[in-house]
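Accompanying notes for the structure given below.
Since the model is a prediction, treat every value here as computed from it, not as a measurement. Start at 1 and go down the list; that is how both ligands and their atoms are numbered.
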Amino acid sequence: MSEMLTIDSLEAGYGEIQVLHGVDLSVEKGEIVALIGSNGAGKTTTLRAVSGIIPATAGTITYDGGDITDADTEDIVDRGLVQVPESRELFGDLSVRENLLLGAQRASAVDGRDAMLDRVYELFPRLEEREEQAAETMSGGEQQMLAIGRALMGDPDLLVLDEPTEGLAPKLVQDVFDAIREIHAEGMTVFLVEQNVKQTLSLADRGYVMENGRTTLSGTGEELLEADEVIEAYLGA
Ligand code: ATP
């Protein structure tokens, strides 16, 4: 396997407040890697730094053999690293279809737009049924699927998901995990932050636990499911 994303001793924060104090992790091509941790541990902040939304104050981020530590978001998306933010950031008054088409920004994505739209509709038939509906009138679960679909329209090599099941009913949580499993089975590399620790670690090849701005534990999904620290803190002893 070849390394796709490597985060080395990353530090970042907001103004004077330092949130990340040393994040170390890697994602290899073809893997699903999960980042878990308690509220406020710095998971979203890590993803924001990776996507160039906030600057790194120390450490390095390498993607596909290049240093992206100081790259801007547009450049990072162009290189194939596409993030679905926690807030989804859909255009509420635009239709489902229009939102999807707006995801095709990278040159390779523009060329393959129609084929990719078909693929997204295959993965999420509900989006095709509702392609003319305004995004803001879709349910929470449908909006999450739309946000994932829009990211796929960008023809990513690495799909980064920030809590894709947040706020969803159990049935929809299952649908989102099924979709991630299917996208991965087709060859997509996935890096995700999740609160549903048990399901996520069951799905992931490897995972990292984050506490107080640092990655403190890593292992295969299976190893982490059996780790005392994980059981005590996240799975309920
Ligand atoms: P959660 O699981 O609750 O989403 P998280 O691990 O993703 O948590 P972050 O969202 O990365 O945690 O937040 C880490 C810390 O950074 C928190 O203390 C949070 O209050 C702080 N923080 C997040 N965003 C900002 C911001 N825009 N300005 C200042 N502080 C922020």
- Message: Between Gln195 and Glu166, do the side chains contain a donor N or O and an acceptor N or O under 3.5 Å apart?
- Response: no
- For Leu102, the other hydrophobic cluster members (4.5 Å side-chain criterion, sorted by chain and number) are Phe91, Leu94
- Message: Strictly by salt bridge (Lys or Arg N to Asp or Glu O under 4.0 Å), give each pair with a member in residues 186-214 just once, sequence neighbours left out.
- Response: Glu31-Arg206, Arg119-Glu186
- Message: Which protein residues come within less than 4.0 angstrom of ligand 1, counting heavy atoms only?
- Response: Tyr14, Val19, Ser38, Asn39, Gly40, Ala41, Gly42, Lys43, Thr44, Thr45, Arg48, Glu86, Glu163, Gln195
- Message: Just by distance, no angles: are the side chains of Glu229 and Tyr234 close enough, under 3.5 Å, to form a donor-acceptor pair?
- Response: no
- Under 3.5 Å, is there a donor-acceptor pair linking the side chains of Tyr14 and Arg48? yes
- Query: salt bridge (charged side-chain N to carboxylate O under 4.0 Å, His left out) with Arg79: which residues, sequence neighbours excluded?
  - Reply: Asp75
